[in-house]
Protein chains: 2
Amino acid sequence: VKLGDMGERKAIESIRRILRGTSGDVAERYDDCAALDWGEHYILLTTDMISKVTHIPDAAAPWQVGWHVAAVNLSDIAAMGGEPLGLVFSLGLPRNYDEDMLLALVEGMNVCARTFGTSIVGGDTKEVKDLTIAGCAVGRVPKSEIMFRKGARPGDVIAVTGELGRAGAAYHGLQNNPADENAVKNLLEVVPRIKEGMILSKTNAVTSCMDISDGLSSSIHQLSQLNGKGYEIEFDRVPIAEEASETSEKQNIDLEELALYFGGDYELLFTVRDGEWDKITDALGDTGTPVTIVGRVLEEKKNILIKDGVIKELEYRGFEHFR
Amino acid sequence: VKLGDMGERKAIESIRRILRGTSGDVAERYDDCAALDWGEHYILLTTDMISKVTHIPDAAAPWQVGWHVAAVNLSDIAAMGGEPLGLVFSLGLPRNYDEDMLLALVEGMNVCARTFGTSIVGGDTKEVKDLTIAGCAVGRVPKSEIMFRKGARPGDVIAVTGELGRAGAAYHGLQNNPADENAVKNLLEVVPRIKEGMILSKTNAVTSCMDISDGLSSSIHQLSQLNGKGYEIEFDRVPIAEEASETSEKQNIDLEELALYFGGDYELLFTVRDGEWDKITDALGDTGTPVTIVGRVLEEKKNILIKDGVIKELEYRGFEHFR
């Protein structure tokens, strides 16, 4: 079977089966990072790759590409409540890549790392045909504070940081105008929620957390499978980015598509114990980052969307590689 | 300036300059891994990428490719005396890659990780045109035992683990016969010196260490620049792999080329305080791994090769990307 026929998620399931055969400790493998035991802490370890082929718009500046690959790696640390300790990058570069572009790329990574309180501590450069960059972030979190994907219970409220639909709007904006600078910026200069993740993890009110890299719906379905619970989302409560509303109107694209079924927003999706929501708003108040309840966790394993008073199935689709 | 014109080492120097501008703690960046401060330990972090374009012979089995990328990452942990804690991989895979090949690839990584006392704890899969894999290894070492590249002093003896020239012989073997299974095996199924690195670091007799990924001569020159010292190598003492002697004879290739100027052997190159060599042989005795003195460190920063009674310059060349 070719990967193009089976898709990314099935391929990953196959990989899990192989690794599970030799190891008992695979629980962490469903999280954004691996969590390695170290005394009272976990050491968090994650890797994320981007490539010219699938991730980088033609109009992207190297600085933005550098920022992006650092940000998506940090986002995984954020999802578990971690403090980043360092980043390394493997840079796969074409032979005809320019020194100035390389330095701008590294500067973008560097500024992103510094912005979120960490630094680039090492790396590797190799020759490839198409620009391909793999980042790896290491972080730490006290064991008592770590947030896993698993842990949601019926009655918990479901919440997100920031606003959704910005990346989807940017993607469609670029389809319309490949030189759209704002769209490139919204797609690549994403903000990893490091500060928010650390604050959320300290409230002890969060029962589960992940970052929404593949879209809200896809993330909800992954959480549902892992937790064995249902998730009810109220569309009217989903915080929609202004860019998404504009693009929806201008290009006549369903807002639901942009906000639920499109990857790239990198906000945190988390569940909070019923009655403890005030802890969240109090703790995040000073950050200025919006945080919004979008639904609640159900006993029955069935994911639904309430929109315009109608209850319907929340479809399991979103961005997937190889398809 | 294009990377193809400047070469890998100059590109890396440019990157260092950018990162140095914002950080004081760049000393570690000259080592095989980053060393992050954690109480009485350092956390070691490293990344290494391989790609179809430059690293993988056509006759390579996916299992061997998997082993190789795990091994080269572990080799960096070994060079600093570290105990590996976990590996993550970013797999850049073509859409038409086969599921069975993917699983064999992961199995190769997995077996290598297990062989050296660690495991694969996470990863990422992405779609690319040409197979490109970045690994990232995390490890730990007590601060009192860590081995850096810097630390050699005049009078120290220079030593290597294992034998040299096997990878060079394999490369030339494949030029002759691209289906040569032994050559593919010798090139890809390299042995990271994890056990030996940990033992060496505990002797407290080692003053500096690195792995020889780009060839002995290239490694010596890198150490010389960093330590500000000279290195004298006696060719007659360099332990030569049997495959190198055979290939040298059969294909009429200078043995010096294979043993000194060719990358891919991944042995440890280290310096030992004068008079403390017995500590090394005693400590490594049980492993069965050969360890050989090949020269000594000089006060004057000048790298020389003694061969057939003649003293000549040790040339600064070896494998380099983009060139």
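The model shown is predicted, which means the values in this text are computed figures rather than measured ones. Here is how names work: the chains are called A, B, and so on, in the same order as the sequence lines, proteins then strands, and each is numbered from 1.
- Heavy atoms from other residues, nucleotides or ligands lying under 6.0 Å from CD of B:Glu13 number more than 12.
- Interface residue B:Leu85: backbone and side-chain heavy atoms are both found under 4.5 Å from chain A.
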Check step by step if side-chain contact (heavy atoms from CB on, under 4.5 Å) holds for B:Leu91 and A:Met49.
CA-CA 8 Å; B:Leu91 308 178; A:Met49 177 182 265; over 6 Å; no
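- To the nearest 0.5 Å, atoms CD (A:Glu99) and CG (B:Leu3) are separated by 8.0 Å.
- Interatomic distance, NE2 of A:His41 versus CH2 of B:Trp38, reported as 5.0 Å (0.5 Å rounding).
- Of the atoms belonging to A:Ser51, it is side-chain heavy atoms, and not backbone ones, that fall under 4.5 Å from chain B.
- Of the listed residues B:Asp48, B:Ile133, B:Asn96, the one with more heavy-atom pairs under 4.5 angstrom with chain A than any other is B:Asp48.
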Worked check of side-chain contact (heavy atoms from CB on, under 4.5 Å) between A:Lys129 and B:Lys129:
CA-CA 8 Å; A:Lys129 275 191 211 150; B:Lys129 275 192 212 149; over 6 Å; no
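- Rounding to the nearest 0.5 angstrom, the gap separating the CE atom in B:Met6 from the CG atom in A:Leu102 is 7.5 Å.
- Annotation: maximal heavy-atom pairing with chain A below 4.5 Å, among B:Val138, B:Leu105, B:Asp100, B:Leu103, occurs at B:Leu103.
- Contact of B:Ser14 with chain A is made through backbone and side chain together, with heavy-atom distances under 4.5 Å.
- In this structure, chain A has a heavy atom under 4.5 Å from the side chain of B:Ile43, while its backbone stays farther away.
- From A:Cys136, atom SG reaches atom CG of B:Leu87 across 10.0 Å, with rounding to the nearest 0.5 Å.
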Apply side-chain contact (heavy atoms from CB on, under 4.5 Å) to residues B:Ile15 and A:Thr125 and explain how you reach the verdict.
CA-CA 10 Å; B:Ile15 292 174; A:Thr125 58; 4.2 Å; yes
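- Other residues, nucleotides and ligands contribute at most 12 non-hydrogen atoms within 6.0 Å of the CG atom of B:Asp58.
- More than 12 heavy atoms of other residues, nucleotides or ligands lie within 6.0 Å of OH in B:Tyr97, so this atom counts as buried by the packing criterion.
- Smallest separation of non-hydrogen atoms from B:Thr47 and A:Ser90: OG1-OG, 2.7 Å.
- To the nearest 0.5 angstrom, B:Leu36 atom CG is 8.0 Å from A:Thr118 atom OG1.
- Proximity to chain A is limited to the side chain of B:Asp130, based on heavy atoms less than 4.5 angstrom apart.
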Determine, stepwise, if the pair B:Thr46 / A:Val88 fulfils side-chain contact (heavy atoms from CB on, under 4.5 Å).
CA-CA 7 Å; B:Thr46 183; A:Val88 293; over 6 Å; no
